[in-house]
A.B. asks: 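Provided herewith is a single structure, encoded as structure tokens, for subsequent inquiry.
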Amino acid sequence: MEQNELLLLEIKDLSVSYGSIVALREVSLSVKKGEVVALVGANGAGKSTMLKTVLGLQRATSGSIFFMGQEITRVAVDRIVSSGIVLIPEGRGIVMEMSVIENLELGSYHRREGVQRRLEEVFHQFPILGERREQRAGSLSGGEQQMLAIGRALMGDPNLIMMDEPSLGLAPIIINHLYEIITKLKDEQHNNILLAEQNATKALRIADRGYVFEKGRIVIQGTNQELIENDMVRQAYLGG
Amino acid sequence: MEALLAIIEAGIVSGSIYSLIAVGMTLLLVVADVIQFAYGQAVVISIFFCWLTLHLTNSVVLSFFVAAVVSTVLQFVLEPLLRTLRERKLVLETLILTIAVGMILTEAMCQYFNAGMPIAFPDSMAGGGWALSFRLIRITAADLYVVVATVASLAVLAFFLFKTRQGKTLRAMAYNIQVSRLLGIPIRKCTTLSFVVAGFLSALTAILLILALGAASPVLGENLTFKGLAVMMLGGMGNLKGAVLGGFILGLIEALVRGYLIGDWADAVGMGVIMFVITLKPAGLLGQVKQG
């Protein structure tokens, strides 16, 4: 079916349990090429678990995950990353003790051609990273670390960028700047982005489609417009 | 004055050996999360194999080659042995396993080589061949080889860790294994690499020991492992620069004690000083307490 060729990521009836705790219950979702998809919901609703399971950090109990037509359900993390999926984890996941440029280089572990060119592109997009390239990553502010995390993700020349709670712990002004960057990634660079966010307002504004998670299940899905106009979503997640 | 210079010279030579051992053990600790209690024994048993080869073949070159190969292979072969325990984060069990391997190696040296008696190497291997004497100061060729080889190998290691992609990957794993996994770094392959690097350091240490000491005994292995650990604690557990610094400090302390105190106080004073430093600064000289 032609429809399948446009599906970058397809998840079918995915269930994930941590011992006796069920984190995801038969979740199905998809990301089409060129889309930004938002996963919204409260803390602990299963969004993080979803992203980690796609990357292979968490083992699926049942169900399947397809990326660019290939099944990746129980494939090892390094193979999944080398096939073009990156995750910017909650808390950014920066190696504090290494320099900015060393952190960026780590992002290109699976994409060794064109490293210098991509570094220049990242420094062009985030000048502050270029200025601080030899500095210890731990000395950067929260917002700068978030840019470093995004820059590192871009160094891998990814087909899909997954972000887990990018606005967590950042001041409102920084969050605005962050979302400007994400918008640019979407509009100018046509990156495919799968975004898990508690800040539903921000996420739904830039996304094409969204899924609302509650207690490990998807309760509502639709285009961003549909979700923004949905009464239940408005009351629970958008402040009425 | 010359006595002091001679002592410092001796201290630098033994310090070099201690540094190499501590660096090898530190590498395994930070990348593979393993305290290799059998490290020194692996080095020394390869010296015994070298001696055996010499007696069987009379070839100096072949004997050195055997020492290098046995040492590297022993360190490297321990990786799959430890892997299951490590991956399940069974720290205590891993520790016990390496202690057990160490004991087995020591026992093997006692049982199967020279009936447990110390071994000695001919002058063609020990001492390196020539020596310079100036009154009380005596520098043998071996002394020179040890110091030059140590400095050179540490420089190569530093280059590897700070300027190459693989080396930077190992450092990333040492700092933050979670993030490394997330970046798609093949953890297993890289851990194996760290064992191989430790193996090369081991091989070098074995050869330098043959040159510097010209002799070995079964207990030397445990002794070296123990001192390696003490040096790591002195410099800061997991700190490579600390391991180098600590190694030279211990070497110098032991040499000073041997030179100025009558009786066999070198080991005791060395350990005593380390205990003293740890009491004042538990994290070690260059160590930092990890936050969070």
Side-chain angles (χ1 to χ4, degrees), chain A residues 48 51-58 72 75-113 115-116 134 136-138 145 148-149 151-158 160 162-164, chain B residues 26-27 29-33 80 83-84 86-89 157-194 235-243 283-284 286-292:
Chain A
S48 244
L51 297 187
K52 286 188 192 145
T53 311
V54 170
L55 198 75
L57 290 175
Q58 184 61 41
I72 59 166
V75 170
V77 186
D78 54 308
R79 276 181 54 200
I80 292 182
V81 173
S82 77
S83 72
I85 305 181
V86 298
L87 170 66
I88 303 175
E90 196 179 316
R92 267 78 73 183
I94 299 294
V95 181
M96 300 293 182
E97 296 89 341
M98 293 174 84
S99 70
V100 167
I101 194 168
E102 284 178 326
N103 268 276
L104 290 172
E105 286 169 343
L106 286 175
S108 62
Y109 187 87
H110 286 285
R111 288 279 185 280
R112 282 193 268 161
E113 342 73 45
V115 172
Q116 283 311 317
E134 299 293 345
R136 228 176 120 262
Q145 286 183 13
L148 176 56
R152 184 183 66 192
L154 292 173
M155 288 297 296
D157 205 16
L160 174 65
M162 302 194 292
M163 297 191 198
D164 196 352
Chain B
T26 300
L27 205 60
L29 174 65
V30 294
V31 181
D33 229 11
R83 188 188 301 161
T84 349
R86 256 178 32 236
E87 285 178 359
R88 292 208 216 144
K89 307 253 195 278
L157 184 66
F159 181 81
F160 171 68
L161 290 175
F162 287 88
K163 300 279 181 194
T164 68
R165 176 176 155 269
Q166 251 336 95
K168 289 180 195 182
T169 306
L170 290 186
R171 280 172 54 225
M173 283 171 66
Y175 293 129
N176 198 322
I177 192 89
Q178 241 98 298
V179 168
S180 303
R181 190 171 289 125
L182 186 142
L183 290 170
I185 287 170
I187 305 289
R188 245 182 220 188
K189 256 207 288 181
C190 292
T191 305
T192 306
L193 177 64
S194 70
M237 251 352 214
N239 191 310
L240 283 171
K241 287 187 201 139
L286 298 183
Q288 282 130 4
V289 182
K290 242 196 171 139
Q291 274 111 10

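Quantities reported herein were computed from a predicted structural model and do not represent experimental measurements. Sequence lines set the chain letters: A, B, ... in the order given, protein chains first and strands last, and positions in each chain run from 1.
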A.B. asks: Just so I know, are the side chains of B/R83 and B/T191 near enough to count as touching, which here means a heavy-atom distance under 4.5 Å?
C.D. replies: no
A.B. asks: With side chains defined as the heavy atoms from C-beta onward, is the minimum distance between A/V77 and B/L182 less than 4.5 Å?
C.D. replies: no
A.B. asks: Less than 4.5 Å to any heavy atom of chain A: does that hold for the side chain of B/R181, its backbone, both, or neither?
C.D. replies: both
A.B. asks: Using non-hydrogen atoms and a 4.5 Å limit, figure out which bit of A/I85 sits close to chain B: side chain, backbone, both or neither.
C.D. replies: neither
A.B. asks: Given the options B/I185, B/L183, B/I187, B/V179, which has more heavy-atom pairs under 4.5 Å with chain A than any of the others?
C.D. replies: B/L183
A.B. asks: Looking at side-chain heavy atoms only, is the closest gap between B/S180 and B/Y175 below 4.5 Å?
C.D. replies: no
A.B. asks: Is a side-chain donor or acceptor of B/R165 paired with a backbone partner of A/Y109 at a separation under 3.5 angstrom?
C.D. replies: yes
A.B. asks: Among A/G93, A/A153, A/S108, which residue has the highest count of heavy-atom pairs closer than 4.5 Å to chain B?
C.D. replies: A/G93
A.B. asks: Is A/R79 in contact with chain B via its backbone, its side chain, both, or neither, using a 4.5 Å heavy-atom distance?
C.D. replies: neither
A.B. asks: Should the pair A/E97-B/R171 be classified as a salt bridge under the 4.0 Å nitrogen-to-oxygen rule?
C.D. replies: no
A.B. asks: In terms of heavy-atom pairs under 4.5 Å, which option from A/M96, A/R112, A/K52, A/R152 contacts chain B the most?
C.D. replies: A/R112
